K.L.:
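Take a look at the following structure, please.
In what follows, residues are counted from 1 in the order of the sequence shown. Fair warning: this is a prediction, and the values are worked out from it, not measured in the lab.
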Amino acid sequence: MRTTAFVWLMHRLGGVTCQSITRTENRRKATSIHGQLVRGCAVSRLPGGTTPCRPGSPPALAIGMPSPLVDITEARLTNVPGWSVRETDFWCTVRPDGVETRAQGWKLHVSATVASAPEVLTRVLDVLVPAGCVFKFAGSPEHVRELNGGHYPRGGAGKFVTIYPVDDDQFRCLAAELHQATDGLPGPTILSDRPYRPGSLVHYRYGAFIGEQRLGNDGHLLEVITAPDGSKVEDRRDAWFNPPEWAPLPFPDEQPVVAEEVDGVLLAGRFVVRRAIRHANKGGVFEAIDQVTGDEVIVKQARAGVGDGPDGWDLQAALRNEAEMLDQLGEQSPAPRRIALFDQDGDLFLVQERIDGKTLRAWRAEQPVALPWRETAGRLIDLVAAVHAQGVVLRDLSPLNVMVREDGTLAIIDLEYAALAGTKSVAAVTPGYGAPEISRRDEATPAADHHALGGLLFLLCTGADPILTEAVPPGTDPAQEAKRLEAWLTLIAETDDRTAEALPLILGLRRPDPADRWGLEKARAFLAGNHVPAASANTSASYGPGGLLDNGVSHLLAKLDPNTGERLWPPSVYGDSGDPCNIYHGAAGPMAVLTWVAELREDAAAVDGVQAAAGWIRERLGPSPELLPGLYFGRAGTIVALHEAARLLADDDLSAYAMTQLGRLPLEWPNPDVTHGLAGAGFATLELWNHTHDPALAARARKYAEVLADRAERQAGRLLWPVPDTFDSKLAGLTDYGFAHGTAGIASYLLAAGTRLDEPEWIDLAVEAGRLFDQEALESDEGTLWTSGPNDSRPLDYWCSGSAGIGTFLVRLWRTTGDPRTLELAEGAAEAVWRRRWLAGTSVCHGLAGTGEFLLDLAEATGKELHRFRAEGLAEAIAARAASVDGQLLAPDESMRGFGADYAVGVSGWVAFLLRLQHGGPRRWMAES
């Protein structure tokens, strides 16, 4: 069967089509089977510092050494006048004087490996300098390695050099010349582009030359290009060739995309692929049928030229290593049998036995919080022992490479980085599980797997990963990190019997010195002995005065930089593309928190910070035509934050500006929710009406409520506000129960508007929403949970979706109606979030800060000290995650690795919660102040 069929089939599984590709035996023609396969790729494990170190392999360009790439460029231009070379953090842009860059068009990309990058660049320069063409390249070998990384986003991977031709004629000439100049050099296929020729390093796509951005309907900045009718459309970086329909293909003999109807794809003349399990830049993992035996099998792919490490190993070498380790373990081991290893079109494929079941992570997520742990712990010990008995050390043991079968037995998968005991080989570290000596490239010893086993038992008992944020600057003594983990685990053990029982076992297996670490026999003896530990001292960071709260405020002030241009504060790792002025990821959230600090503490430095932030945001907003209505992703929250700042600063002009901007918010919008849509704009309007008593604001708040009441739908007896399918949004078609995107948040606004504007109809809708949550509640001994909506089965406890957000609504409904069942549900939600607190991160949206705000709501409404006590317990849980950052103790953002300032998922969110915990007051942005 032709390779074209394989590509088409994989695209069909993802709802996309791909170009027709002619089969070739060229070593690099990975476009035939590589992972440009489906939308929404899933990474198989937490990204984690894979550090190749196979002895005897020739070293590539060493990390940390001066980059030769810029030197090569400057040397080539020494005697060529009229060129500029400009370096940024990642790219180096090379431009001839007087050459104007087009806004958009067909552009070229050239790929390379780390080892081939200097030669590729040299040959590219020999073409581009005489042509007088603008281009940029990744400015160091480390950046080339990043672009080629196994988990780099597939839509941008592999683009070592980007070339901006002045017109399509130059584009065609340069494509031919660059192909000829680089022919025979190694480099990966670029998934978003079409290769100039099969196997070529030269690729092309249609897209923007000069970055133009607009704010999308979801509150993120989008790169856009201009369609022939003048409209702005997103310049998508898909992991497949997908030019705009109105952009003619640049080569006369080029054919449009054609899909071929096939039932399956035959690999190596034997294995018929049925579906893709997951995708990454390194390659895919597929289900297939072995035509020889009739068995279901798993096929793993390693793309050519991807994942080349600093010591010469790449991901194909890792896949070959896995095949060797499967052979070493043998057919009676707890690992899958190796069936075949073969090369096809330059990509490497490993076929192995299919293991039915779920990963340990997925299995644990489905278990009750009060999971009996001892039986599974014993099976994990036996699993590791069975591998060690064959002389193999796993080295990357994690919850994603342990499978749990239906009968509870275990298997081990994904042995790319396993090694024979006593040898030195590739090191792979999954955060929270990798032993410290692995990152130091020590030889493979069983003790490394014992450390990871302790991490699995931590997950088994608590439901959380044993991940602690690294200190900044890095290089913390492993012994200090072990003490931090012990403090965290001890805090959990104070209210969790399973963790209290397992604490000595986990800590024994997690000792930083391999010589002191518990072995498997000692672990077995502990399980047999049923020991119960004595309580340990809690040494977690303080969250009170002088502790985490003060450090967080100092961090926000220190990181505010009005001169950066793009961002006022550094965002979380997920916030780079967010609106720089909104509440969720942008500057308005931290500015609002500093406003509250200044109000509650009379802090002069905070006032100065608010002054600087307000000026920056106002200048940045300018005359923007895009005014999204949402409270968090839209501009409604930004307007409220500016108005609060104006009150603090006694700045009448800023206050008037905020009110003018509020009047520009749309009164009609497809999305009805709080974070992105009309309910959020309603909350903002009602909040400002509380402060100004302006009748025009009351009328505006009434209009939002009327629109929302009119758009309420009943689906199978459920009160819902769906996002229209036709809306240009990633939320299109969503029907949600939660506060951020659905019924709980919208009903909260209708309740607030109904009580303040004296409209019983809106209160009745809120009461109906309360009945929905009674109907849909999932009650157990662990409390009350809800799924995110009628089409989901996962119980959640977040503010955005789940117990914390639905409880936020229910406590307000109870205060209005006095209905005892409503209070019972709210307190059931509080019980659930308390019991599941160790599963959560630190943030407002999906973590402890948002949950803590709900518990403070409940404490204030009921007067019960228990809820405040538990809110303080959540503050202790946040403090337990703290790390030293430039001499200050800080809890991380939602990534658990960085310290972005974002309100919804970053530092300013947990600062706001701790501030309210210490000083009291109403919940912000709920029209209650």
Side-chain angles (χ1 to χ4, degrees), residues 359-385 394 397-400 402 404 408-410 430-435 446-468 478 481-514 516-540 781-782 834-840 873 876-877 880-881:
T359 65
L360 182 66
R361 177 182 300 289
W363 175 84
R364 179 62 182 88
E366 295 176 352
Q367 306 307 307
V369 174
L371 168 70
W373 65 281
R374 287 180 174 273
E375 181 179 1
T376 304
R379 288 176 174 174
L380 285 168
I381 292 171
D382 291 343
L383 177 75
V384 175
L394 294 167
L397 175 60
S398 80
L400 289 173
V402 175
V404 184
T409 59
L410 306 179
T430 298
Y433 296 89
D449 291 348
H450 301 162
H451 184 278
L453 175 62
L456 297 181
L457 298 184
F458 187 108
L459 174 69
L460 190 65
C461 291
T462 68
D465 290 298
I467 297 176
L468 289 169
E481 294 301 290
K483 289 180 181 178
R484 291 176 60 208
L485 186 74
E486 180 178 1
W488 181 22
L489 196 60
T490 301
L491 186 62
I492 299 173
E494 290 179 357
T495 55
D496 184 83
D497 292 341
R498 293 176 319 287
T499 304
E501 290 177 5
L503 191 147
L505 173 59
I506 295 171
L507 295 179
L509 290 166
R510 298 282 297 191
R511 288 179 180 174
D513 187 342
D516 294 336
R517 200 172 294 153
W518 284 20
L520 300 183
E521 290 308 313
K522 190 167 185 177
R524 282 198 182 98
F526 176 86
L527 285 180
N530 195 29
H531 295 290
V532 178
S536 301
N538 179 11
T539 58
S540 63
D781 293 340
E782 297 171 354
W834 170 252
R835 287 179 176 268
R836 295 165 63 90
R837 65 195 182 281
W838 303 114
L839 307 181
E876 291 177 348
R881 307 289 188 93

K.L.:
Which pair of heavy atoms, one from I506 and one from C461, lies closest together, and at what distance?
P.N.:
CD1-SG, 4.5 Å
K.L.:
Tell me whether R379 contacts the main-chain N or O of G408 through its side chain, where contact means a donor paired with an acceptor under 3.5 Å.
P.N.:
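Yes, because the side chain of R379 sits within donor-acceptor range (under 3.5 Å) of the backbone of G408.
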K.L.:
Closest heavy-atom contact between P514 and A447?
P.N.:
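Looks like CB-CB, 4.0 Å.
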K.L.:
Quick one: list whatever passes salt bridge (charged side-chain N to carboxylate O under 4.0 Å, His left out) with R364, sequence neighbours left out.
P.N.:
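With neighbours one apart ignored, the set is empty.
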K.L.:
Which heavy atom of R498 sits nearest a heavy atom of L371, and at what distance?
P.N.:
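Smallest heavy-atom distance, with atoms named: CD-O, 2.6 Å.
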K.L.:
Between the main-chain N or O of P512 and the side-chain N or O of R517, is there a donor-acceptor pair closer than 3.5 Å?
P.N.:
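Flag set: sc R517 to bb P512 pair under 3.5 Å.
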K.L.:
Testing the basics here: between Y433 and P399, what is the closest heavy-atom pair and its distance to 0.1 Å?
P.N.:
OH-CG, 3.2 Å
K.L.:
So how far is it from D449 CG to L397 CG, rounded to the nearest 0.5 Å?
P.N.:
6.0 Å
K.L.:
Any heavy-atom pair between the side chains of H450 and W518 that's under 4.5 Å?
P.N.:
no
K.L.:
Could you go through the side chain to side chain contact (heavy atoms under 4.5 Å, CB included) check for R837 and T495 one step at a time?
P.N.:
CA-CA 11 Å; R837 65 195 182 281; T495 55; 2.2 Å; yes
K.L.:
Looking at every non-hydrogen atom in both residues, tell me the closest pair between A377 and L457 and how far apart they are.
P.N.:
CB-CD2, 3.6 Å
K.L.:
As a test of understanding, state which of L509, T499, D465, I492 forms a side chain to side chain contact (heavy atoms under 4.5 Å, CB included) with F458.
P.N.:
I492
K.L.:
Start with the C-alpha distance between V404 and L410, add both sets of side-chain angles, then the distance that settles side chain to side chain contact (heavy atoms under 4.5 Å, CB included), and finish with yes or no.
P.N.:
CA-CA 5 Å; V404 184; L410 306 179; 3.7 Å; yes
K.L.:
When rounded to the nearest 0.5 angstrom, what is the spacing between CZ in R510 and CG in L453?
P.N.:
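Spacing of CZ (R510) from CG (L453) equals 10.0 Å.
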K.L.:
Between atom CG of L527 and atom CD of E375, what is the distance when rounded to the nearest 0.5 Å?
P.N.:
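The CD atom of E375 is 11.5 Å from CG of L527, to the nearest 0.5 Å.
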K.L.:
Does the E876 side chain pair with the main chain of L491, one donor and one acceptor, at a distance under 3.5 Å?
P.N.:
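Looks like no, no N/O pair under 3.5 Å.
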K.L.:
Drop me the distance from R524's CZ to L505's CG, to the nearest 0.5 angstrom.
P.N.:
12.0 Å
K.L.:
Begin from the C-alpha positions of K483 and E486 and carry the test salt bridge (charged side-chain N to carboxylate O under 4.0 Å, His left out) through to its verdict.
P.N.:
CA-CA 5 Å; K483 289 180 181 178; E486 180 178 1; over 6 Å; no
K.L.:
How long is the gap from CD1 on I467 to CG on L485, to the nearest 0.5 Å?
P.N.:
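Reported value, rounded in 0.5 Å steps: 11.0 Å.
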K.L.:
Using salt bridge (charged side-chain N to carboxylate O under 4.0 Å, His left out), reason through D781 and R835 one step at a time and then give a plain yes or no.
P.N.:
CA-CA 10 Å; D781 293 340; R835 287 179 176 268; over 6 Å; no
K.L.:
If you apply the rule side chain to side chain contact (heavy atoms under 4.5 Å, CB included), what do you find for W373 with T462, and how did you get there?
P.N.:
CA-CA 10 Å; W373 65 281; T462 68; over 6 Å; no
K.L.:
For L456 and S398, which heavy atoms make the closest approach, and how far apart are they?
P.N.:
CD2-C, 3.7 Å
K.L.:
Apply side chain to side chain contact (heavy atoms under 4.5 Å, CB included) to W838 and L489, showing your working.
P.N.:
CA-CA 10 Å; W838 303 114; L489 196 60; over 6 Å; no
